[in-house]
Amino acid sequence: MSVLEIRDLHVSVGEGDEAKEILRGVDLTIRSGETHAIMGPNGSGKSTLAYSIAGHPKYTVTSGSVTLDGEDVLAMSVDERARAGLFLAMQYPVEVPGVSVSNFLRTAATAVKGEAPKLRTWVKDVKTEMAGLEMDPAFAERNVNEGFSGGEKKRHEILQMRLLKPKIAVLDETDSGLDVDALRIVSEGVNRTREDSDLGVLLITHYTRILRYIKPDFVHVFVAGRFVEEGGAELADKLESEGYAAYVKDSAEQAASEAASA
Ligand SMILES: Nc1ncnc2c1ncn2[C@@H]1O[C@H](COP(=O)(O)OP(=O)(O)O)[C@@H](O)[C@H]1O
Ligand SMILES: [Mg+2]
């Protein structure tokens with residue numbers, strides 16, 4: 001049983017006078033076996049939250065805390081976070097020219113587990129997981145993400161998650177750019193992991209479509225760097241029909257009154 005706890009997290013990007021606060025007090029607790037959907041408009045700071053949990057150097061935590069089972073995540077390097085059991089599926093996976101998928105996965109697994117996986121079982125595991133995500137075995141020899149379609153990149157992210165077996169996974173718009181078949185395949189990969197490893201999931205999205213495949217226990221609405229509403233799966237249906245406009249308006253009015261009283 002693992003718990004990721006985010007408390008009053010404030011995060012900025014940029015330096016000095018250019019610094020801009022993106023996360024403005026984020027509170028969230030995710031336990032093993034729970035799936036939390038974070039939904040919000042473009043530019044609200046969802047990816048900033050994902051990167052801040054993963055430890056991207058561009059984002060500066062100005063206050064607040066993130067702990068995993070009581071350990072201070074913010075004090076950990078990016079690879080320490082991965083070893084502790086955190087995983088990020090990126091919204092825009094990066095190309096790694098010159099590194100094959102097969103080498104990349106084995107290096108990542110070795111780094112996360114602290115020892116190289118046994119070759120025989122490893123090769124079999126990779127094959128099984130690729131088949132489960134309906135990926136052509138030829139992908140193992142291609143360079144990471146180079147020339148991959150949007151859907152292939154997202155499958156590769158889920159393949160990593162399947163093999164690295166994290167405790168808590170942050171999936172940043174894993175649904176974007178997927179056709180309906182790829183969406184189902186990727187969602188099934190996430191659901192298998194929820195079942196066989198009691199994974200905790202932070203599912204970031206701005207469409208409700210993926211929530212038909214991956215059922216969330218909690219839905220959180222995220223606007224302008226903070227949560228503005230929380231509910232169960234039914235909240236997603238409300239967002240589907242009404243959009244974010246009312247939340248965006250409330251949030252802008254609140255920011256204006258805060259600025260006026262400051
Ligand atoms: N490296 C950066 N430099 C400057 N602004 C950034 C940077 N990263 C994110 N932002 C800004 O932070 C805001 C939130 O971005 P992001 O977290 O990507 O939102 P979302 O994922 O919800 O669409 C946006 O206004 C974006 O332009
Ligand atoms: Mg984003």
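Note that ligands are numbered from 1 as they come in the structure, with each ligand's atoms numbered from 1 the same way. Computed over heavy atoms, backbone and side chain alike; hydrogens, waters and symmetry mates excluded.
- Ile204 and Val66 end up in the same hydrophobic cluster when Ile, Leu, Val, Met, Phe, Trp and Tyr side chains are linked at under 4.5 Å.
- In this structure, atom 26 (C) of ligand 1 is not in close contact with the protein, since no protein heavy atom lies within 4.0 Å of it.
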Take Tyr247 and Phe222 through the test ring-ring contact (aromatic ring centres under 6.0 Å, His included) and record every step on the way to the result. CA-CA 9 Å; Tyr247 295 111; Phe222 194 72; over 10 Å; no
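- The nearest protein atom to atom 8 (N) of ligand 1, hydrogens excluded, is given as Tyr59 OH, 3.4 Å; this is a heavy-atom distance.
- The protein atom (non-hydrogen) at minimum distance from atom 1 (N) of ligand 1 is Lys58 CD, 3.3 Å.
- Taking CG of Leu4 as the start and CG of Leu28 as the end, the distance is 7.5 Å to the nearest 0.5 Å.
- The Mg ion (ligand 2) has an N, O or S atom of Gln91 inside 2.8 Å of it.
- Atom 15 (O) of ligand 1 has Thr48 OG1, 3.9 Å as its closest protein atom, hydrogens excluded (heavy atom only).
- Atoms of ligand 1 lying under 4.0 Å from at least one heavy atom of Lys46, given by number and element, are 17 (O), 19 (O), 20 (P), 21 (O), 22 (O), 23 (O).
- Closest to atom 3 (N) of ligand 1 among all protein heavy atoms lies Val13 CG2, 3.8 Å.
- Not a single heavy atom of Gly14 sits less than 4.0 Å from an atom of ligand 1.
- With ligand atoms numbered from 1 in the order given, ligand 1 contributes 25 (O) to contacts under 4.0 Å with heavy atoms of Lys20.
- In the model, Ser100 has no side-chain atom that pairs as donor or acceptor with a side-chain atom of Arg142 under 3.5 Å.
- Applying the ring pair (Phe, Tyr, Trp, His ring centres under 6.0 Å) test to every pair with at least one member in residues 32-53, sequence neighbours left out, gives these pairs: His36-Phe218, His36-His220, Tyr51-His56, Tyr51-Tyr59.
- Checked for salt-bridge contact, Arg162 and Asp196 meet the test: a charged N lies under 4.0 Å from a carboxylate O.
- Residue Asn42 has at least one heavy-atom neighbour below 4.0 Å for each of these atoms of ligand 1: 23 (O).
- Using a 4.0 Å cut-off to heavy atoms of Ser47, the atoms of ligand 1 that qualify are 17 (O), 18 (O), 20 (P), 21 (O).
- A distance-only check finds a donor-acceptor pair linking the side chain of Asn191 to the backbone of Tyr213 [under 3.5 Å].
- Counting atoms of ligand 1 from 1 in the listed order, those under 4.0 Å from a heavy atom of Pro41 are 22 (O).
- The pair Lys153-Glu157 does not meet the salt-bridge criterion, since no charged nitrogen lies less than 4.0 angstrom from a carboxylate oxygen.
- In this structure, Gly40 does not count as a contact residue of ligand 1, since none of its heavy atoms falls inside 4.0 Å of the ligand.
- Backbone and side-chain nitrogen or oxygen atoms of Ile22 are examined, and none is located within less than 3.5 angstrom of a nitrogen or oxygen of ligand 1.
- Salt bridge absent: Glu18 and Lys20 never bring a charged side-chain N and a carboxylate O closer than 4.0 Å.
- Glu152 contributes a side-chain N or O that, together with a main-chain N or O of Ser149, makes up a donor-acceptor pair within less than 3.5 Å.
- The shortest contact between atom 19 (O) of ligand 1 and any protein heavy atom is with Gly45 N, 3.2 Å.
- Not a single N/O/S atom of Thr48, whether from backbone or side chain, sits less than 2.8 Å from the Mg ion (ligand 2).
- For atom 24 (C) of ligand 1, the nearest non-hydrogen atom of the protein is Gly43 O, 3.9 Å.
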Evaluate Leu86 against Lys167 for side-chain contact (heavy atoms from CB on, under 4.5 Å), listing each step before the verdict. CA-CA 6 Å; Leu86 294 173; Lys167 293 175 179 158; over 6 Å; no
